[in-house]
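Each remark here refers to the structure printed beneath this line.
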Number of protein chains: 2
Amino acid sequence: MRARFTLADIQQHALAIVDRDGLAGLTMRSLAASLQTGAMTLYNYVDSREALEELVVDAVSALVEIPEPTDDWLADTRAVATALWRTFRAHPAAIPLVLTRRTSSRASLAPAEALAAALARGGMDGVDLFVAFRTVSAFVMGIAQNELAGPLSREDDATSAAQRVATLAPDALPTLTKIAPVGATFTGHEFERGLTIVLNGLVHTPRPPASTGQASGLS
Amino acid sequence: MRARFTLADIQQHALAIVDRDGLAGLTMRSLAASLQTGAMTLYNYVDSREALEELVVDAVSALVEIPEPTDDWLADTRAVATALWRTFRAHPAAIPLVLTRRTSSRASLAPAEALAAALARGGMDGVDLFVAFRTVSAFVMGIAQNELAGPLSREDDATSAAQRVATLAPDALPTLTKIAPVGATFTGHEFERGLTIVLNGLVHTPRPPASTGQASGLS
DNA sequence: ACCTGAACACCGTTCAAGT
DNA sequence: ACCTGAACACCGTTCAAGT
C-alpha cells in the first residue's frame, strides 16, 4: 500500500495539537486519532516519540520567515533574530521542545545559517564569527526561556510575578521585588532592547588575537 | 508517625539520580527506591511529578556559589553569571529542567537577585534595570541551551557537528559548514567571550528616555 | 513497503486503609 | 499528620499478522 501520509501532514497535525492542547496533549494516540489512524501507523513515519518531537521543532523552524539579505549586516542580524523570536512567541507551547530537542534538519538550520551569514557579512570569521553566532543565538533562545519559565516571567493566573516574589521573601530579594512590577507593565519590548544591547556589544568588543589554531579574521 | 524525610533528602536523591541516570532515570518509583520506600510515600512531600522536577531545579540553584559583592559592579555581574554557568555545566542532565520548569523558591531566586543587585549597583534602575537583567539572564540560559541542543552543540558520539551539518546540505549551509569545525575545536571559551560582548553592550548602549510609566533612572 | 490490532512494560496518580 | 500497597488510567513501543 502506498504511503497515506507525508511527513508534512504529521508535522502539521502534531503542531496543531501542541498549539491547541499543549505539549501534554500530544501523544502517539492523540496524533494518530487526529490523522484518523491507529497509533502504530505513526511508526511507519517516525522512529519514536523523541523523533516526533524533533519533527515538531522542525515544523516551528520552518515557519520562521527568513528575511532577504540587504547591504546592512547589522539590520539583517536583527531581522533574523526578530523573525525567530516572533515565531517562537506564536507557538509558546512548543518552546520547551525548541529549547530542549536537538535537530539538524534543513528546516531548523536554515534560520541559523541566515544568522551566521549576516554576521559573516559584518566581516567576522573563524572564532570571532563562532562566538558572535553563539552569543546572538543564545540571547534569542534565552529570551524564549525567560518568557516561558524565567524568574520574572508573566503568569497565567492572576498572581503577578511581583506578588509572588514579594510574598516569598520581600527582604531577602529587594532588587527583584523592585523590578518585578516593571516586568509586569513593560511588556514586549525587552527583546528589542536586549537585542540592541547584544548587537552594540558585538560592535564595541575588540577581537582578541587568535589564541587557538583558528584564524581570528580581519579587523 | 514523624516525617521520615526532609525535602532536602528528596532533592539530593533526585538530583543524584538525574546526574547518574539522566532525566529519564528519575521516576517516582526510582526515587522511592533510592530512599528505600514505596512510591506513594513521596506524595506526602511532593504534590506531583512536576513539583518534584521543580525541586530538582531548586537543588541545582542552591549549588550556585554566589560571590560576595565588591565595589566593581561589572566584575560582580560577570562573577554571578559565571557561577550560574559553572553550576549548570556540572549538572548537564538537569539543564532541560532548568530551562523548562518555573520555580519561585528562595533557592532559585537567590542567584537572580544577586545578578539584579549587581546591575543595580551599576546605576541602573526601572526599565533599564529590567532590560539589563533580562538580557544577561537570557544569555546565560541561552548558552546552556546552545550547549545542550543548539545548532552547533557538541556531540555524544563520534559524528561531530561539522560532519553532521556538512552531510546534510553543504551548499545550502555554507556559513554553518565553515563555523562548525571551529565549534568543535574552540571549546569552553564561548561563554566568557560572549559574556564580554553582552557586558560591553550594556556599557555602550545609551538608555532611551522613559517611554512607559516606569522611571528610567539616572544616566 | 506500509498498515494495524493486541499486548506488554512502565509510569503517574487515586483510593482506601493503616499508624 | 504521615505511611503504604493495590489498583487504575494512560502512554510508548514490541510483536505478529496482515496488504
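For clarity, every value in this text was computed on a predicted model and none was experimentally measured. Throughout, protein chains are lettered first and strands after them, A, B, ... in sequence-line order, and every chain is numbered starting at 1.
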Return the value, rounded to whole Å, for the distance between atom CG of A:Leu42 and atom C1' of C:dA1. 17 Å
[atom1]/[X] to [atom2]/[Y] distance, rounded to the nearest 0.5 angstrom?
X        : Y        : atom1 : atom2 : value
B:Thr175 : A:Leu119 : OG1   : CG    : 9.5 Å
A:Met28  : A:Arg49  : CE    : CZ    : 7.0 Å
B:Leu99  : A:Met141 : CG    : CE    : 9.0 Å

Report yes if at least one side-chain N or O of B:Arg4 is closer than 4.0 Å to OP1 or OP2 of D:dA1; otherwise report no. no
Under 4.0 Å between a side-chain N or O of B:Thr41 and OP1 or OP2 of D:dT4? yes
Any luck finding a side-chain donor-acceptor pair between B:Thr37 and B:Arg4 under 3.5 Å? no
Any idea how B:Tyr45 and B:Phe5 line up, ring-wise: parallel (<30°), tilted (30 to 60°), or perpendicular (>60°)? perpendicular
For nucleotides 9-13 of chain C, tabulate all protein N/O to nucleotide N/O atom pairs closer than 3.5 Å, reporting atom names and distance.
residue: C:dG12; atom: OP1; partner: B:Arg49; partner atom: NH1; Å: 2.6
residue: C:dG12; atom: OP2; partner: B:Met28; partner atom: N; Å: 2.9
residue: C:dG12; atom: N7; partner: B:Arg29; partner atom: NH1; Å: 2.7
residue: C:dG12; atom: O6; partner: B:Arg29; partner atom: NH2; Å: 3.0
residue: C:dT13; atom: OP2; partner: B:Tyr43; partner atom: OH; Å: 2.8
residue: C:dT13; atom: OP2; partner: B:Arg49; partner atom: N; Å: 2.8
residue: C:dT13; atom: O5'; partner: B:Tyr43; partner atom: OH; Å: 3.4

From A:Thr103, A:Leu115, A:Leu109, residue fulfilling side-chain contact (heavy atoms from CB on, under 4.5 Å) relative to B:Pro151: A:Leu109
For C:dA16, what is the paired nucleotide under Watson-Crick or G-U wobble rules, both distances under 3.5 Å? D:dT4
Let's test this: given Watson-Crick or G-U wobble pairing with both distances under 3.5 Å, identify the partner of C:dC10. none
